[in-house]
A.B. asks: 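Mind having a look at this structure? Questions to follow.
Residue numbering restarts at 1 for every chain, and letters A, B, ... go by the order of the sequence lines.
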There are 2 protein chains.
Amino acid sequence: MSTLEPVTSIPQATVARLPLYLRALHQVAEAGNPTVSSAGLAAAAGVNPAKVRKDLSYLGSYGMRGIGYDVATLTQQISASLGLERGWGVALVGVGRLGQALTNYAGFANRGFAIKAVFDSATDQVGTKVGPLTVQHVNELPQVVAAQKIAIGIIATPAEAAQDVCDQLIAAGVTSILNFAPCVLFVPKGVDLRKVDLAIELQILSYHEHHKTLPDRGTRLAPRRRRGSSVPSRRTRAISGALPTRTTRTKAVDE
Amino acid sequence: MSTLEPVTSIPQATVARLPLYLRALHQVAEAGNPTVSSAGLAAAAGVNPAKVRKDLSYLGSYGMRGIGYDVATLTQQISASLGLERGWGVALVGVGRLGQALTNYAGFANRGFAIKAVFDSATDQVGTKVGPLTVQHVNELPQVVAAQKIAIGIIATPAEAAQDVCDQLIAAGVTSILNFAPCVLFVPKGVDLRKVDLAIELQILSYHEHHKTLPDRGTRLAPRRRRGSSVPSRRTRAISGALPTRTTRTKAVDE
DNA sequence: TCAACTTTGTGCATCCGTTCACAAGGGGCT
DNA sequence: AGCCCCTTGTGAACGGATGCACAAAGTTGA
């Protein structure tokens, strides 16, 4: 493993989990544990311990054998890898109820994302305050975004307006977009796009719910153990007390 | 392929895309096309045509060779498979800004999800109206949810309250949960859980953004073509005009 | 009726992600 | 010092998902 450069193509799946570990690490830190084992972190993040170790190995970070990971160090390494140490300016378009909720969402500011400007096309919205920000007309978007060198955009408009807004954001220099509008967006190469469709999540739940109540056995697959061996009768005692043996975790479908 | 029973264990990845196809089909229908090819649908849904065909084949649905898929039929089949034909009652807990936005989100009602009750623990929220609904105290949750046989719950509380609320929902009979609180929830087997963490999405974007501006080449991998053969020089003319040749789609990371 | 064309359905190879299982490394107690 | 135990890091097997490429099937037009 290359120990010096932490920039060695981290798998997508791992990148998607790093924020999870970060969240878990904060819990562990608040519990007062200076170190945490992969098992402890796994429990707090709701994943498999081996996955944690493999994921963290991509960062080139060192755990201490026999001990675990230093919470402070690991927190800092993950933050660095995610690029959270510098703050990011964010522009949000669409100040409907969802847009307002997002603008005020504390979880963004906590992680270094500062919403710098909010836009809408409805003239009666323009000029009103959303939190500390004044809603600007979407016509202003190009200048404002370009002038402030904002790199991240959030789209919370109706689907009809989304592609248009998207194009404008990109023209103004935005290179990462989080889309809440329920539609497919097309972006040029070099621009990253992620989407959150609230209704889709419910529909996926609906599928599983539907097939639970179905006459014949639904699609559910039993957690079948692969090799007959090794049900670890001894429960690994984690350093942190954060092993919530509550109940089994569900197969939360993707991600 | 089993043509008669459409209930033959659909892969997770496919289930997650079905709502996407449904959305695309509505677009196509509004455009007035009675049929659509896999290529047309793929373009509208932002995925690969082969994937569309394979996905749809799991439903046991028939496309018509030489023609494509009948839009109305396919819409109905996907809806049926997702269990969207009957409506679902939904309980929402946590009437903060996000909770309010979700309660009023039109996309839910459109797809057959009716929010039947909203709860909060803040006494000054209780009794206020959110849309047509009156906020009830979370103490009422067990009775209300059980009495109305609500199967789906949405958690939009702060992280600290989430596990507690989750347990109560399950005790009251909910078997599918959509969690917006930024924390890991543990649920017993048989209960399905999906999560949406808004901050995590931004952090993933941050990672890519960060590595774009890095001195050496970032993590981006070129779209390298596998076999040297067959760049289809002829553009497949879809029946629907919905082939938006705009720009290349990004590698929207997961999902 | 027949030929050319369109589009589906799917076998297959490949890739990515997951998880097991184990060797190697360190810490601490005696 | 030496032993034991804990934990990391990773090789390797496995399974699921993706996407190509092609045969089968049906349509259209002459």
A.B. asks: Is the side chain of Trp88(B) donor-acceptor paired with the backbone N or O of Leu202(A) at a distance under 3.5 Å, no angle test?
C.D. replies: no
A.B. asks: Taking the side chain as every heavy atom from C-beta outward, state whether Lys195(B) and Leu185(B) have any pair of such atoms under 4.5 Å apart.
C.D. replies: no
A.B. asks: Measure CG/Leu56(A) against P/dT8(D) and give the value in whole Å, please.
C.D. replies: 9 Å
A.B. asks: Between P on dG16(D) and CG on Asp55(B), what's the gap in Å once rounded to a whole number?
C.D. replies: 16 Å
A.B. asks: Provide, to the nearest angstrom, the distance between the OH atom belonging to Tyr58(B) and the P atom belonging to dG9(C).
C.D. replies: 13 Å
A.B. asks: Using whole Å, what does the distance between atom P of nucleotide dG26(D) and atom CD1 of Ile67(B) come to?
C.D. replies: 12 Å
A.B. asks: Find which nucleotide of DNA chain C each of Met64(A) and Arg53(A) is nearest to by heavy atoms, and output the residue with the more 5' nucleotide.
C.D. replies: Arg53(A)
A.B. asks: In whole angstroms, how far is the P atom of dT8(D) from the CG atom of Leu59(A)?
C.D. replies: 14 Å
A.B. asks: Indicate yes or no for a side-chain donor-acceptor contact from Asn33(B) to the backbone of Thr35(B) under 3.5 Å, with no hydrogens or angles considered.
C.D. replies: no
A.B. asks: By nearest atom, which of the nucleotides dT10(C), dC20(C), dA23(D) is closest to the Lys54(B) side chain?
C.D. replies: dT10(C)
A.B. asks: Please examine the side chains of Asp192(B) and Val187(B), heavy atoms only from C-beta on, and report whether any two atoms are closer than 4.5 Å.
C.D. replies: no
A.B. asks: Whole angstroms only, please: what is the CG-P distance between Asp70(B) and dG26(D)?
C.D. replies: 17 Å
A.B. asks: OP1 or OP2 of dC20(D) versus the side-chain N and O atoms of Asn48(B): is any pair under 4.0 Å?
C.D. replies: yes
A.B. asks: With respect to the phosphate group of dT7(D), does any side-chain polar atom (N or O) of Tyr62(A) fall under 4.0 Å of OP1 or OP2?
C.D. replies: no
A.B. asks: Select one nucleotide: of dG17(C), dT8(D), dT10(C), the one nearest the side-chain heavy atoms of Ser57(B).
C.D. replies: dT10(C)
A.B. asks: As a test of reading the structure: which of dT18(D), dC20(D), dT8(D) is closest to the side chain of Ala13(B), going by heavy atoms?
C.D. replies: dT18(D)
A.B. asks: So, under a plain 3.5 Å distance rule, would you say the side chain of Arg65(A) forms a donor-acceptor pair with the base of dT8(D)?
C.D. replies: yes
A.B. asks: Where the side chain of Lys51(A) is defined as all heavy atoms beyond and including C-beta, which of dT18(C), dT8(C), dT18(D) is the nearest nucleotide?
C.D. replies: dT18(C)
A.B. asks: Answer yes or no: is there a donor N or O on one side and an acceptor on the other, between the side chain of Gln163(B) and the main chain of Phe186(B), under 3.5 Å?
C.D. replies: yes
